[in-house]
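Only one structure is covered here, and it is reproduced in the block below.
Residue indices begin at 1 and follow the sequence shown. Every heavy atom of this structure was used, including side-chain atoms; hydrogens, water molecules and symmetry mates were not.
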Amino acid sequence: MVRFLWLSLLLAVVSPANNLAAQTLRPITQKCEYIQNPLGIDIARPAFSWIFEASGRNRKQSACEIVVSTDSIHSAGNRSWSSGIVRTSKSNGIIYSGRPLRSFTRYYWKLRVWDQDGKPSAWTPNAWFETAALDAGEWNAQWIGDGRKTPLREEDFYKGRPAPVFRKSFSSAKKITAARLYITGLGYYEAYINGQKAGTELLAPGWTSFDKTVLYRSLDITAFMQQGSNTIGVMLGNGWYNPLPLHMWGARNLREHLTIGEPCVKAMIRVQYADGTTGFIATDTSWQTAPGPVIRNNVYLGEQYDARAGIEHWNGSGGIWAAAKPAVRVQGPAGKMQAQLQPGVEITRVIHPVKITAVKPGVYVVDMGQNFAGVARIRLKAPAGTQVVLRYGEDVYKDGSLNGMTSVAGQVKSGNGGPGAPPVAWQEDRYTASGRGEEVWHPRFTFHGFRYVEITGWPGTPQLSDIEGLRMSAAVEETGTFNCSNAMLNQLAENIRWTFLSNLFSVQSDCPAREKFGYGGDMFCTAEAFNFNFDMANFYRKVLQDHEDAQRPLGGITETAPYMGIADSGPGDQSGPLGFQIGFAYVIRQVYDFYGDQRVIRNHYPALKRQVQFLTDRAKDYLYDTDLSDHESLDEKPFAFAASCFYYHHIRLMCEFAGILGEQADHKKYQLLADTIRRAIVQKFYHTANGTFDNGTQSAQFFGLWYHLLDPQQEAQALAAMERAIAAKNYHLSTGIFGTKMLFDVLRLHNRNDLAYRIADQRDYPGWGHMIEGGATTLWETWKYSDNTYSQNHPMFGSVGEWFYRSLLGINAAAPGFEKIRIKPQPTGNLTEARGTFRSVAGTIQSSWKKEGRGYELTVTIPPNTSAEVWIPATRGASVTESGKNIRLIKDIRVLPATDGYTVVQVGSGEYRFASR
């Protein structure tokens, strides 16, 4: 929380009317909890932030004033908080400090700022946020279901079990001014008001440990409501709450590890009337339920839909409602109801196919031209009862037929899925036509990973216009752009974005087809790359809570969150390997670094302390010997060395967190422990004779250098051994997912981007160029092409995306939340230019450079209210100018000592055009 200090009397009485014309700083893009105008938050003291427009250079906020009210004109009696004029440069993470907020209330807020010269801006237009239920007791709705019994035999789960639908009719005699729907439904839900779908979100709510947390949404349904008769309808899917007993990998049944139950819903409508009164309609046994048209649905195997049982009307007694019965009150999950701030899953792009091939009579394969996650949407006219089958895959065989083997759920391929399971766990959807004219359909309660769709049962010959791909992902905002003179790297950047979006649903998954799980190791490797490409603040805050919710009784963090039973090579109590446990602490650090939010550390600090105590209790002489090590490395893995490094990392992060929070005793304790662990690692695993760590592989060298295990004077020998390990592979990498992430960091920090570029630019095996040469449109799970086992849409080797921003563009944070910035591009190889932007929480940072002969041009944009250190590549004796003037003659620029072939300058906000010749 910012500690507010009053400005001097002189500043406080400055007349805005006399200073607005000269004001150079204007706040824009106001956010509350990282969202513009959030509808439905349940945080008692939310955080505000804003960015700026500015004219000129060196523009900085010196003070701000915030007013929060329950009316848009901020009447004195309706003000909840008036901060007064506060001396602060902070424009991010300003904590609400007014009267206690009320539930179900819209608050309006505005602000003004003072610039570096003490001149005030005009008040901003109003932004707003709206609270949901701030107290669990305000949820007066009941969990309801259709009363069906869970099958006793596994095989019966695979039979037709129509997804239930629910409805409630009610009358509003008075004029409605506002209406909100607060709803969750497990596993998934879709809500309809008077026949219209409420909201654009799919696959809601987000997947959590339902015994700990259940997410709900607040939806504005005012426009759907009418004076008089209204009907709310809800359709439920199984999602992760009612999974099939599919024996993944022939052994792992999710029903034995997840919190499960039959589909159920909990919802309430709050209506505000023109006369100032309110009314509630909540789920209870007065609601009706009936079997719906979704006959079967599963997140892996797909969905079956019978349009003959489709819901034409949500009111009346026709169609499915002829069999309606009262809903049944059910216990529901025990998790705390929590407003979902994580971006919901939406259709983020419609993809049009590039080709349809008839591979045999009645069998067609559609090529979407791109691997992605989502579903297909079809349009057809067919007699009633016609069944169309859609089967999905990432590849095709040489004869053009579908190869779905890389996307088979849980490697169930030989009848090993358990009683009733299909012999092969294909991704497959089935649609039964109603026969009523043109029909348009897509699945509701599943998602797939695919490029190709096999169609059978189509009435006639399908045309390109009959099918579309609906790319689905969490609706995260894009924050990064990158382009350079190397076409392969540009394609790689595009492949990374498609891969990342394919694996952003409610967890950051490993693949969108075979597993769909949130692995901590994958997060550790790619968190920075995700953060540069997308706004991940609220996505990661939810995922971090998933990890804390899944924390084991003794304190260990699980390999996946939510926990679904996988515990490979961990230290016990079903906790994950140390390289996957580290994802929890590491992503906390990244959220702090990228978004400047100290709350994320404070909120999870008790869980972190429990985790490191668990790890410390199980260490042997300050070391570990069991781990997955550098997963997917092509060399022999340094198991014990990697495990010990990960243990060291946990303790080092705790030392940093304690320091940030001012926990001095903890800081000292963890610092001493970290130093002891580092010395133990060096003593056991470092070979002073040749500079190698452990087995001397690329992975081992990058682990040792990334963790700064050696004193600076010792690192030169280890760096030389690292380069020998790279040269031994003909300048190809042989690292796995962890070593690859570390590789680019180490080479950036040691100014060896020549090696990084040479490795990244390889076009043959192993490398990203090999994937692209092989036709990949997303990243593979392994360096080697697989047509049978490994996913072709897997993000863990996407850590190279971080290198595009940090090394090629040179954009780096020098303080949390990018309040201070370091721009240090590292041009190398045959690159002649690179350009890009990153929209940080402090504003948009731009870096573009071009080489022509011996000359070099660098254009940077530094957002208002920040400062930057800019490193301009320049040979000794080169002339360095900004906008054509010698940098030493420009008062806005402070020249620092030259370093490592760079001229270094300190600048404030603004746009700068540097040249060295």
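- You'll find the ring centres of F797 and W783 inside the 6.0 Å limit.
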- Mind running side chain to side chain contact (heavy atoms under 4.5 Å, CB included) on Y647 and T616 for me, showing each step along the way? CA-CA 8 Å; Y647 173 47; T616 300; 3.3 Å; yes

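- When all heavy atoms of A842 and I51 are compared, the pair lying nearest together is C-CG2, 3.7 Å.
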- Message: What verdict does the side chain to side chain contact (heavy atoms under 4.5 Å, CB included) test give for R752 and I726, after you've listed the backbone C-alpha separation in whole Å, the side-chain angles of each residue and the deciding distance to 0.1 Å?
- Response: CA-CA 12 Å; R752 292 306 311 270; I726 294 173; over 6 Å; no

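- Side chain of Y595 to backbone of N538: no donor-acceptor contact under 3.5 angstrom is found.
- Contacts of S799 classified as side-chain contact (heavy atoms from CB on, under 4.5 Å), with partners at least two apart in sequence or in another chain: T740, K741.
- Between F641 and F685, the ring planes are tilted. Angles from 30° to 60° get that label.
- Below 30°, between 30° and 60°, or above 60°: for F744 and W803 the angle between ring planes is between 30° and 60°, a tilted geometry.
- With N865 contributing its side chain and Q61 its backbone, the two residues share a donor-acceptor pair below 3.5 Å.
- Ring orientation note: the planes of Y707 and F646 are nearly perpendicular, at an angle over 60° on the 30°/60° scale.
- When all heavy atoms of P577 and D568 are compared, the closest pair comes out as CD-O, 2.9 Å.
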- Item | Test ring pair (Phe, Tyr, Trp, His ring centres under 6.0 Å) applied to F657 and H604, step by step | CA-CA 10 Å; F657 293 155; H604 296 291; 9.9 Å; no

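- Not counting sequence neighbours, N603 has no partner by the side chain to side chain donor-acceptor pair (under 3.5 Å) test.
- A 6.0 Å sphere centred on CD of Q906 holds more than 12 heavy atoms belonging to other residues, nucleotides or ligands.
- Stacking of K516 on the aromatic ring of F505 is not recorded, the 6.0 Å distance cut-off and the 45° axial limit not both being met.
- When all heavy atoms are compared, the tightest approach of G801 to A529 is C-CB, 4.2 Å.
- H794 places a side-chain N or O within 3.5 Å of a backbone atom of D510 that can act as its donor or acceptor partner.
- Side chain of T499 to backbone of L779: a donor-acceptor contact under 3.5 angstrom is found.
- Using the six-membered ring where Trp is involved, Y586 and H649 have ring planes that are perpendicular, over 60° apart on the 30 and 60° scheme.
- The shortest heavy-atom contact between G579 and D627 is N-OD1, 3.1 Å.
- Ion pairing of D635 with K637 is absent here, as no side-chain N (NZ or NE/NH1/NH2) approaches a carboxylate O to less than 4.0 Å.
- Q574 places no side-chain N or O within donor-acceptor distance of the main-chain N or O of A567, the cut-off being under 3.5 Å.
- No side-chain donor-acceptor contact under 3.5 Å links D694 to the backbone of Y686.
- Counted by atom type alone, Y540 and Q508 present one or more donor-acceptor pairs between their side chains at under 3.5 Å.
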- Query: Can you check ring pair (Phe, Tyr, Trp, His ring centres under 6.0 Å) on F534 and F539, steps first, answer last?
  - Reply: CA-CA 10 Å; F534 304 106; F539 191 97; 9.9 Å; no

- Task: Walk me through it: do F532 and F594 pass the test ring pair (Phe, Tyr, Trp, His ring centres under 6.0 Å)?
- Result: CA-CA 9 Å; F532 273 115; F594 272 85; 5.2 Å; yes

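- Between the CD1 atom of I681 and the CZ atom of F693 there is a distance of 9.5 Å, given to the nearest 0.5 Å.
- With a 4.5 Å cut-off on side-chain heavy atoms, R652 and E656 count as touching.
- Separating the CG atom in L747 from the CD atom in E723 is a distance of 9.0 Å, to the nearest 0.5 Å.
- How far OH of Y648 is from CG of L709: 6.5 Å, rounded to the nearest 0.5 Å.
- Judged by distance alone, the side chains of D549 and S209 never bring a donor and an acceptor atom under 3.5 Å apart.
- The backbone N or O of A339 lies less than 3.5 Å from a partner atom in the side chain of D42, making a donor-acceptor pair.
- For E478 and R497, the salt-bridge test fails: no basic side-chain N is under 4.0 Å from an acidic carboxylate O.
- Annotation for E636: atom CD does not count as buried by contact number, only 12 or fewer foreign heavy atoms lying within 6.0 Å.
- Checked by atom type and distance alone, the side chain of K542 never pairs as donor or acceptor with a backbone atom of Q340 at under 3.5 Å.
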- Show your reasoning for whether side chain to side chain contact (heavy atoms under 4.5 Å, CB included) applies to I845 and I823. CA-CA 9 Å; I845 305 163; I823 304 289; 3.8 Å; yes

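- Between K684 and D621 there is no salt bridge, since no side-chain N of the basic residue sits under 4.0 Å from a carboxylate O of the acidic one.
- Ring planes of F703 and F738: perpendicular class, angle over 60° (limits at 30 and 60°).
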- Task: Tell me, with the steps shown, if V870 and V904 meet side chain to side chain contact (heavy atoms under 4.5 Å, CB included).
- Result: CA-CA 6 Å; V870 182; V904 186; over 6 Å; no

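- The side-chain heavy atoms of L341 and I43, taken from C-beta on, include a pair separated by under 4.5 Å.
- For the pair S633 (side chain) and S734 (backbone), a donor-acceptor distance under 3.5 Å is present.
- Put simply, CG on L733 and CD on Q698 are 6.5 Å apart, with the number rounded to the nearest 0.5 Å.
- Comment: K609 does not engage E663 in a salt bridge, judged by the lack of any side-chain N to carboxylate O separation of less than 4.0 angstrom.
- Nearest heavy-atom pair across M523 and G583 is CE-O, 4.0 Å.
- Here N690 contributes atom CG and R724 contributes atom CZ; the two are 6.5 Å apart, rounded to the nearest 0.5 Å.
- By the neighbour-count criterion of 12 heavy atoms within 6.0 Å, atom OH of Y790 is sparsely surrounded, having that number or fewer from other residues, nucleotides or ligands.
- Of the possible donor and acceptor atoms, none in the side chain of D597 sits under 3.5 Å from a partner among the backbone N and O of Y592.
- For the residue pair T837/T481, the side-chain donor-acceptor check at 3.5 Å is satisfied.
- The environment of NZ in K820 is sparse: at most 12 heavy-atom neighbours from other residues, nucleotides or ligands sit within 6.0 Å.
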- Query: For K824 and E869, what are the C-alpha separation, side-chain angles and deciding distance, and is it a salt bridge (charged side-chain N to carboxylate O under 4.0 Å, His left out)?
  - Reply: CA-CA 8 Å; K824 186 183 179 182; E869 193 178 85; over 6 Å; no

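- Judged purely by distance below 3.5 Å, without hydrogens or angles, the side chains of Y902 and Q826 never pair a donor atom with an acceptor atom.
- Shortest non-hydrogen contact noted between S807 and N753 is CB-OD1, 3.8 Å.
- For the side-chain hydrogen bond (donor to acceptor under 3.5 Å, both in side chains) test with D675, the passing option among Q671, R678, R679 is Q671; the others fail.
- Going from atom CZ of R599 over to atom CZ of R45 covers 10.0 Å, rounded to the nearest 0.5 Å.
- If you check the side chains of D573 and S575, you find no donor sitting under 3.5 Å from an acceptor.
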